[in-house]
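Since we're looking at a predicted model, the values are computed, not measured.
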Amino acid sequence: TSKNPLPSSHPLTSTPAENSSNPRRPTPTLPGACACDASAPASATGGAVMVGFFRSGNLASRVFDRQFLSPRPGATVNTVRQFYENLVPSYTIYDIDCPDYSFRKFTDDGKYLVAFSRNHQDLIVYRPIWLTFSCHEECDAHDLPANAERFESFFKQLYSISLASSNEYICEDFFLYMEGHQYGLFATSTARSNESSVTEGAIHGVPSIEKITFYLVRLEDGAILDEKAFCNDFINLAHSIGAYLYEDLVCIVSLRYQTIHVLQIRDSGSLVEVRRIGAFCREDDELFLYSHGQAAQGSSFLPGIKQRLLSFIFHKTWNEEPDQALRVQHLKKKFYFHFQDYVDLIIWKVQFLDRHHLFIKFGSVNGRVTRSTDQNLAFFAVYNMETTEIVSLYQNSSEELYSLFEHYYDHFHANPQNSLHEKFISSNPNSVHALDQLRTIKSKASSPSQFVKKMMASLPYTCQSQSPSPYFDLSIFRYDEKLFSAIDRHRHCTEHPIKFISVRQPNVVKFKIKPGSDSGASDSRGKRISSLFHPFFPLALSIQQTNMQPTVVNVHFRR
């Protein structure tokens with residue numbers, strides 16, 4: 001864990017004085033922006049803009065034009081992504097003949113498609129391939145051959161391995177991918193029990209799972225390299241909420257015992273626990289208590305992370321009142337009156353900001369393990385693992401935190417700089433279209449404070465929850481995010497096709513995704529859809545799920 005952290009100018013880890021010293025917001029790089037230099041003459045800039053506006057709809061013509069117009073340094077990838085205006089899925093195979101698996105997602109490098117068996121016991125990994133066929137006449141006039149209606153024409157199965165035992169099940173919502181070594185992190189668990197016995201250190205009201213196991217799998221050949229088990233614990237595995245991967249570090253949140261386990265994935269493929277934050281913050285805290293004869297009374301102490309939180313709130317409240325005579329009254333009103341509320345706060349979710357800082361959400365224990373915790377009291381803390389200090393603290397209604405969220409959105413996702421695709425996901429700082437969309441929602445909100453709480457409910461962010469596909473790039477395409485989204489979530493099914501409209505030509509529909517059947521006569525009630533877009537190929541899967549019925553999988557590709 002010796003790699004350098006983010007610069008000191010990181011908006012969340014720097015002090016307010018450092019943030020205020022540079023009030024000007026840095027000029028963002030807009031994905032898909034015209035590759036013209038701001039310092040160039042007006043005529044040259046205008047010419048580049050005109051060339052960008054009158055881009056040809058013919059792909060061969062655009063490739064030919066690329067030989068004469070080279071983008072400025074650093075803008076090559078953004079310029080190349082504009083070619084996806086012409087490289088769109090143009091053909092759909094409805095209800096393709098495929099195995100009855102639960103398809104999870106593509107890896108971020110596009111090499112693998114991860115799926116799970118319906119009995120939640122096996123992991124199946126596919127390699128995307130491309131459909132090829134030949135014909136004597138014009139191919140566009142021919143229907144696809146019969147073998148093209150099969151799933152194996154687009155994906156080659158690499159292997160199928162058994163991860164879960166007889167009483168365990170694979171969590172089909174949990175999957176994290178380490179791009180550098182092409183490792184996948186999966187999880188299995190036994191059944192959840194709401195009537196858990198009361199044990200020392202466990203939070204009352206949090207359910208228990210007899211065994212949760214994390215597996216590190218090499219995706220190339222399916223070799224299980226290492227595993228890490230948690231017994232009689234509870235970790236929120238839904239949509240990978242309970243774990244966060246940053247470079248080679250993984251933090252896993254034990255809700256039941258209020259402990260943050262920081263693991264490191266070594267180059268050899270082993271999972272090594274390098275830090276444990278909860279009852280103790282430093283490695284020698286427990287040894288210090290034993291050496292001073294206080295270990296027997298350890299149950300009377302507040303956890304170390306909770307002490308850090310109370311200490312920060314106390315000092316912050318103390319410094320708010322400069323008058324010595326009024327300071328005690330201010331402490332009574334702002335700190336001691338709410339002391340028990342602060343003590344009762346528990347850790348709900350954690351993410352990395354960099355290799356040394358964690359972003360922790362503290363919430364009310366009354367929220368239980370449900371999604372209704374967003375309406376309860378919540379605080380967001382930036383915690384330095386090296387100094388064991390809380391750097392800053394915000395309430396979920398903080399305007400200051402929302403301002404950081406709006407202007408420095410990318411810092412909350414903490415995408416590694418060596419990721420080839422995740423850095424191009426549309427966000428508020430790097431896309432004027434995403435920023436306008438956010439501000440439109442804000443202007444329509446009935447209450448500013450409720451809007452802030454709604455936006456802050458998504459923090460800390462879930463790791464690898466957004467698709468890096470260029471078809472979700474808001475500078476290239478417009479689409480209805482209520483029906484389709486880059487965020488990995490199921491949506492309600494609609495029988496109307498979802499249109500992807502060109503941003504450059506607002507009246508031109510570039511392609512459509514119809515997730516339902518080809519006939520269009522089926523009832524959409526009770527159906528859910530999910531979309532799996534390849535990171536860079538014009539290839540997508542729309543998966544329609546209905547209770548007690550087989551899954552319908554449609555393949556959308558460029559013919």
Give a yes or no answer on whether the side chain of [X] reaches the backbone of [Y] with a donor-acceptor pair at less than 3.5 Å.
X    : Y    : answer
E172 : S102 : no
R256 : N232 : yes
S90  : R559 : yes
K105 : Q464 : yes
T92  : Y94  : no
R150 : C98  : no
H239 : L237 : no
T107 : Y112 : yes
Q351 : F412 : yes
Q544 : S530 : no

Hey, what's the ring geometry for [X] with [Y], parallel, tilted or perpendicular (30° and 60° as the breaks)?
X    : Y    : value
Y402 : F451 : perpendicular
F537 : H534 : parallel
F155 : F151 : parallel

Given side chains that start at C-beta, do those of [X] and [Y] come closer than 4.5 Å, heavy atoms only?
X    : Y    : answer
L249 : L263 : no
F380 : P460 : yes
L123 : V114 : yes
K111 : L219 : no
L163 : I224 : yes
K349 : V253 : no
R504 : Q82  : no
Y471 : S531 : no

Hey, are E220 and R218 close enough for a salt bridge, meaning a charged N less than 4.0 Å from a carboxylate O?
no
Going by atom types alone, do [X] and [Y] pair a side-chain donor with an acceptor below 3.5 Å?
X    : Y    : answer
H556 : S542 : yes
D122 : S160 : no
Q466 : Y461 : no
T188 : K211 : no

By side-chain hydrogen bond (donor to acceptor under 3.5 Å, both in side chains), Q437 pairs with (sequence neighbours left out) E481
Rounded at 0.5 Å granularity, tell me how far [atom1] in [X] sits from [atom2] in [Y].
X    : Y    : atom1 : atom2 : answer
E168 : H120 : CD    : NE2   : 14.0 Å
Y244 : I252 : OH    : CD1   : 14.5 Å
F103 : I543 : CZ    : CD1   : 6.5 Å
S254 : F234 : OG    : CZ    : 10.0 Å

Mark yes when over 12 heavy atoms from residues, nucleotides or ligands other than E210 sit less than 6.0 Å from its CD; otherwise mark no.
no
Of Y84, Y479, F500, the residue whose pairing with F511 passes ring pair (Phe, Tyr, Trp, His ring centres under 6.0 Å):
F500
Axial cation check for F230 ring with K228, 6.0 Å and 45° limits
yes
Examine F186 together with Y215 and report whether their ring centres are nearer than 6.0 Å.
no
Ring centroid separation F557 to F154 under 6.0 Å
yes
